[in-house]
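First up is the structure itself, then whatever we jot down about it.
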Amino acid sequence: MITILSIESSCDDTGASVCRDGVILSNLIANQQVHEQFGGVVPELASRAHVQNIIPVVDKALKNAAITLLDLDAIAFTQAPGLIGSLLIGAEFAKSLSLALDKPLIAVNHMQAHVLANIIEEPRPSFPFLCLTVSGGHTQIVLCSSPFDMKVIGETIDDAAGEAFDKSAKLLGLPYPGGPLIDKYAKNGNGNRFSFPEPRIPGLNFSFSGLKTSILYFIHKEQAMNPNFIAENLEDICASIQSRIVSILLHKLERAAKETGISNVCIAGGVSANSGLRKAFIESGKLHGWNTFIPSMEYCTDNAGMIAIAAYYKYLAGDFADLSVTPNARSEFI
Ligand code: KG4
Ligand code: ZN
């Protein structure tokens, strides 16, 4: 029996999870509300909140899994990428616990863990599969041949999909993070009402910065004629923005599936919680004959369960870190 405690602290949420033989026994997250008033994550405030949250969250994760520290076989943590101050709290906590308990330490890459969120629960994709990983900091198409043989075959050249959602929401005067709010208002809106351009980027790469600019000009133009334009049309604007972001993502994913001939296709990351993307992805899968996979909501946005599952495969492979390991703000993924 292999029991692993994992810590996720790459951005603003502090997560802890316990996994036994690849089964998640508990998965907890402490959200930080402090950033909302600033319209984005303030790194120093995030680090301080991690310090306050980490012990209570770990305690609760152990309690919910009905185990104690003495039952653990390894301690895992997110090593990269993320905010360096935030990563440091999780890394130092995990290292201290590993030293005190004399149990191995496992360093996990956050982006690999997002992809592996797809193999936490049944039905699981068989290898090889493609994964569209869409989060606040990344947009990648990953060709995954085994838990640790992953290749990024397409990525954004500017903003991430989550940033496109959050920045669009900001232009509409919505609070941070605006992605879930755009999703909420889009549910009652007409996505064909306003048309935003699809960028022409070669190959499998993405670009979202032009979309943000076109939304900005569009809003300025409409507001000059009607100062209440946003309030009167919020649902249709959100639906139209969401529909364009989703179509940009799916056109590239369709191209990747065609070029690689791979028909097991997954999505992951915070933006995979978006209801418009989930629906369109499943429809696209039906149309193209894919086997589609989407993690449960709790494993889409940042969570420690995905870190635990990645750590479990690393444990099986004997891939341990030593105490000199340091976190890295940038991804060392492939
Ligand atoms: O993966 P994640 O939790 O954290 C990062 O590693 O970045 O992703 C956070 C991103 C944010 O940009 C947030 O607005 C977006 O995911 N997001 C959504 C939804 N839920 C979270 N975007 C659109 N619709 C949603 N329902
Ligand atoms: Zn993430």
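Counting starts at 1 for both ligands and their atoms, in listed order.
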Quiz prompt | For Asn31, all residues meeting side chain to side chain donor-acceptor pair (under 3.5 Å), sequence neighbours excluded | solution =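 Asn31: side chain to side chain donor-acceptor pair (under 3.5 Å) contacts with Asp13.
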
Are the side chain of [X] and the backbone of [Y] linked by a donor-acceptor contact shorter than 3.5 Å?
X      : Y      : value
Ser86  : Cys11  : yes
Arg124 : Ile120 : yes
Asp71  : Thr68  : yes

Self-check item: From CA spacing to verdict: side-chain hydrogen bond (donor to acceptor under 3.5 Å, both in side chains), Asn303, Glu8
Solution: CA-CA 6 Å; Asn303 67 91; Glu8 151 59 33; over 6 Å; no

Which of the atoms of ligand 1 are close to [X], meaning less than 4.0 Å from one of its heavy atoms?
X      : answer
Gly162 : 12 (O)
Gly137 : 7 (O)
Ala273 : 20 (N), 26 (N)
Asp183 : 24 (N), 25 (C), 26 (N)
Gly270 : 1 (O), 2 (P), 3 (O), 8 (O), 16 (O), 17 (N), 18 (C), 19 (C), 20 (N), 21 (C)
Val271 : 15 (C), 16 (O)
His110 : 6 (O)

Practice problem: Give the minimum heavy-atom separation between Ile182 and Ala169, together with the two atoms involved. | Solution: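 That closest heavy-atom pairing would be CD1-N, 3.8 Å.
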
Exercise. Taking all non-hydrogen atoms of both residues into account, name the closest pair between Ile245 and Phe165 and its distance.
Key: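 Closest approach of Ile245 to Phe165, heavy atoms only: CG2-CE1, 3.6 Å.
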
Practice problem: Kindly say whether the aromatic ring centers of Phe218 and Phe229 come within a distance under 6.0 Å. | Solution: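 Yes - the distance between ring centres of Phe218 and Phe229 falls below the 6.0 Å cut-off.
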
Quiz item: Is the distance between the ring centroids of Phe77 and Phe93 under 6.0 Å?
Solution: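 Distance test on ring centres: not under 6.0 Å, no.
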
Self-check item: Heteroatom proximity flag, Asp166 to ligand 1, N/O under 3.5 Å
Solution: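 Between Asp166 and ligand 1, an N or O pair is found under 3.5 Å apart.
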
Quiz item: atom 7 (O) of ligand 1: which of Gly136, Ala186, Ala113 has the nearest heavy atom?
Solution: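 Nearest option to atom 7 (O) of ligand 1, by heavy atoms: Gly136.
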
Quiz item: Does the distance from a Lys or Arg side-chain N to an Asp or Glu carboxylate O, for Lys252 and Glu254, drop under 4.0 Å?
Solution: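 No, this pair does not count.
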
Quiz item: Between Glu92 and Lys95, is there a salt bridge with N-O shorter than 4.0 Å?
Solution: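 Looking at Lys95 and Glu92, the cut-off is met.
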
Exercise. For the residue pair Tyr315 and Phe320, categorise the inter-ring angle as parallel (less than 30°), tilted (30 to 60°) or perpendicular (more than 60°).
Key: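 Rings of Tyr315 and Phe320: perpendicular, as their planes differ by over 60°.
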
Quiz item: Within a reach of under 6.0 Å around OH of Tyr217, are more than 12 heavy atoms found that belong to other residues, nucleotides or ligands?
Solution: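 At most 12 heavy atoms, drawn from other residues, nucleotides or ligands, come within 6.0 Å of this atom.
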
Practice problem: Can you list, by chain and residue number, the protein N, O or S atoms under 2.8 Å from the Zn ion (ligand 2)? | Solution: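 Listed by chain and number: His110 NE2, His114 NE2, Asp302 OD1.
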
Exercise. Determine whether any heavy atom of Cys11 lies closer than 4.0 Å to an atom of ligand 1.
Key: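 No, Cys11 has no heavy atom closer than 4.0 Å to ligand 1.
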
Practice problem: Write out the residue and atom name of the closest protein heavy atom to atom 3 (O) of ligand 1, then the distance separating them to 0.1 Å. | Solution: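 Atom 3 (O) of ligand 1 sits closest to the protein heavy atom Asp302 N, 2.9 Å.
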
Quiz item: Which residue supplies the protein heavy atom nearest to atom 22 (N) of ligand 1, what is that atom called, and how far is it?
Solution: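 I find the closest protein heavy atom is Gly179 CA, 3.5 Å.
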
What part of [X], side chain from CB on, backbone N/CA/C/O, both or neither, has a heavy atom under 4.0 Å from ligand 1?
X      : result
Asn274 : both
Gln242 : neither
His114 : side chain

